[in-house]
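Note on naming: letters A, B, ... go to the chains in the order of the sequence lines (proteins, then strands), and numbering restarts at 1 for each one. The shown structure was predicted, so the numbers you read here are calculated from the model rather than taken from an experiment.
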Amino acid sequence: MSIQVANVSKRFGTFEALHDVSLDIAPGELVALLGPSGSGKTTLLRVIAGLEVPDAGRILFDGDDTAGKRVQEREVGFVFQHYALFRHMTIFENVAFGLRVRPRTLRPSEPEITRRVLRLLKLVQLDWLADRYPHQLSGGQRQRIALARALAIEPKVLLLDEPFGALDAKVRKELRRWLRRLHDEIQLTSVFVTHDQEEALEVADRVVVVNHGRIEQVGTPEEVYDHPATPFVYEFLGNVNVIESEGGRDYVRPHEIEVTAGPESGSLAALVDHAIKIGPVVRLEVSRRDTGENLEVELPRDRFDRLGVETGTVVWLRPRRSRFFPQSASQEAKIA
Amino acid sequence: MATIASPAPLVRATARRKPVPWVPIALVGMALAYLSLFLFVPLFAVFFEALKKGWGVYVAAIREPDAWSAIKLTLLAATIAVPLNLVFGVAAAWAIAKFDFGGKSLLITLIDLPFSVSPVISGLIYVLMFGLQGWFGPWLAEHDLKVVFAVPGIVLATVFVTFPFVARELIPLMQAQGREEEEAAVLLGANAWHLLWRVTLPNVKWGLLYGVILCNARAMGEFGAVSVVSGHVRGYTNTLPLHIEILYNEYNFAAAFACASLLALLALVTLVLKSLVESRQAKESS
């Protein structure tokens, strides 16, 4: 099912959570809403789900306005950041809940419910936990149960709020790959909220960068990372050096700076303050000889070894790629 | 070896001279003395006085018609007040914890009102409203309805005094649990009925039971408010606490303590139930 967000605004008291947001999501797409905390991304997700009513604008599912529809009728699967599993029910009953509360005429028979719940528990690879209670499960297991529960009602749309936010780094990585594979398997239109750029870039088909209740940029992971539309997107997605220049600022990624031992045309001299080796990558913290400005440069370990530089050496830098934003645009980013 | 072994006697010496823990002993002693003076001795005295003249006198004092009618009236007041406040408490706590609306803090303050107002005042309110000279007095008299100095007044006063217990117990619990489980349930297709019976109430069942037990204990033990509206008509508008007072004022100590022992027993049963509920609650949340 396609989702269309049309000119949605939402305020909480004096706080403007969403400002005239419009977004189209194609059927079967996996979209990430990426932004810092307080950017409005979770509010947008909750508005799509029907948990919040927008002050203005509409949400359309397959072209139909959802305004008159009750939350119960929207057929939305929702996974909460802290899972929100029913604490007094077994895992089996948690997953069965959505089927059991259906009106009698639409409710599957008891054997059918059992069959479906077990199939879902197998899908999330946790069928052996059916008789446990939520508090007996690990965070990653709870997350997968929350997903199975959301899928039990055969939703048209799957919404996930910071699905990996409360998990440790290793489980997080495994789970997001698993989610990607699962999505490829079931082809359900899905939207997830995250503040982790790596997560968004790795998992999503398209990334929606949100800031201050507005959409900064929508695009594939490559588009938003390689061609950021605004200074905010540049700074939010990965590290960036901001270099003052006439009438504005130049934005340069640390790994897009060429480092040489001697001067070349268009290169600047800089002093190496620190060289930090992070596995296969070396991060140089340097200061420009002319202005004293601090910059960050990343280069592969073997390239670093061949250069033979160390703390206190002078190196020459030349941006392979940079993007210039005039004063007004970069001013906005500073306020952000 | 010698260097390793040498500290051993020293350790043993300090172990032997381990100081007597005076501070904990003193604190526990003080607490026990205090409890004995104000709780155990009076409790013992109640049962001792009640049974001093023998089992026969004790049973007779309770089976006496006025005492029996006081017991029945107390049970009646509690039977009406507790379910009413159970329903009201759940509704109020649900509204306050799970929804946002204007005047919420006013509602919370109002729920606490019976706690902050002296019970005598709560009784007087009903006299001023429903008494012969009260606001609705003439109208009630015209229709031959009695509220004050009759059973309805006693029930009203009991309901008023006991209404914060269930709500007060549930509000913090429900607020701590948040709204996410309810939101999840609604997204899965649950209606309000499902929410209440399958999600909200099962999550607070022990807190609810706890509130009901306290509410019941207070409903049966209430003196001040009930005393003002009762009029002390023997065999008709006397509850058990009021009956005890009358017996005591008539120097009928054995009977007074016999009835008092019933209330003391109720208190003990309440305490046992309360600690049972608390331990179950602790076990489930662990």
Side-chain angles (χ1 to χ4, degrees), chain A residues 12-13 42 45-46 48-53 69-90 93-104 106-107 133-136 142 145-162, chain B residues 90 93-106 169-212 276-286:
Chain A
F12 296 107
T42 295
L45 196 76
R46 290 174 61 89
I48 295 173
L51 291 172
E52 305 284 352
V53 180
K69 264 194 176 169
R70 292 158 66 227
V71 179
Q72 286 94 330
E73 295 160 354
R74 290 195 179 198
E75 298 179 276
V76 166
F78 198 102
V79 177
F80 288 84
Q81 182 177 5
H82 300 289
Y83 328 122
L85 295 178
F86 304 124
R87 67 194 88 187
H88 65 278
M89 292 182 204
T90 60
E93 285 304 320
N94 262 280
V95 179
F97 185 88
L99 300 172
R100 290 206 195 282
V101 298
R102 282 191 182 169
R104 197 175 298 275
L106 300 173
R107 197 184 307 155
Y133 283 89
H135 67 90
Q136 297 169 306
R142 284 184 217 184
I145 296 303
L147 190 60
R149 183 179 70 174
L151 293 174
I153 59 167
E154 294 174 334
K156 303 278 192 287
V157 174
L158 183 63
L159 307 175
L160 307 105
D161 185 10
E162 296 272 3
Chain B
V90 170
W94 206 28
I96 287 168
K98 311 284 179 181
F99 298 93
D100 293 312
F101 53 90
K104 195 167 174 173
S105 52
L106 183 71
E169 196 58 45
L170 291 186
I171 290 168
L173 191 60
M174 285 189 179
Q175 278 175 337
Q177 290 179 349
R179 300 175 191 178
E180 281 202 342
E181 284 186 44
E182 277 83 3
E183 284 179 346
V186 168
L187 285 159
L188 291 168
N191 59 31
W193 193 247
H194 294 134
L195 276 191
L196 183 66
W197 289 105
R198 297 191 181 209
V199 180
T200 309
L201 284 185
N203 277 346
V204 297
K205 58 180 183 240
W206 296 113
L208 185 66
L209 192 55
Y210 187 63
V212 165
L276 276 180
V277 167
E278 273 176 347
S279 73
R280 278 305 297 270
Q281 205 173 358
K283 210 182 278 173
E284 284 206 2
S285 60
S286 71

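With respect to chain B, the highest number of heavy-atom pairs below 4.5 Å among A:Gly77, A:Gly50, A:Ala84 belongs to A:Ala84. Contact count versus chain B (heavy atoms, under 4.5 Å) is highest, among A:Arg149, A:His82, A:Arg74, A:Glu73, for A:Arg149.
Only the backbone of A:Leu85 comes within contact range of chain B, judged by heavy atoms closer than 4.5 Å. The parts of B:Gln177 that come within reach of chain A are both its backbone and its side chain, each placing non-hydrogen atoms under 4.5 angstrom from that chain. In this structure, chain B has a heavy atom under 4.5 Å from the side chain of A:Arg46, while its backbone stays farther away. Contacts between A:Phe86 and chain B at a heavy-atom distance below 4.5 Å involve backbone atoms as well as side-chain atoms. At a 4.5 Å heavy-atom cutoff, A:Arg102 makes no contact with chain B through either its backbone or its side chain.
Against chain A, no residue from residues 96-103 of chain B qualifies, as none has a non-hydrogen atom under 4.5 angstrom away. The contact list for residues 187-198 of chain B toward chain A, using heavy atoms and a distance under 4.5 Å, reads B:Leu187, B:Leu188, B:Gly189, B:Ala190, B:Asn191, B:His194, B:Arg198 by residue number.
Taking NE2 of A:His88 as the reference point, atom CD of B:Glu181 lies at 7.5 Å (rounded to 0.5 Å). Distance check, rounded to the nearest 0.5 Å: CG of A:Leu51 to CD of B:Glu182 gives 12.0 Å.
Using a 4.5 Å heavy-atom threshold, the side chains of A:Phe80 and B:Glu183 count as touching.
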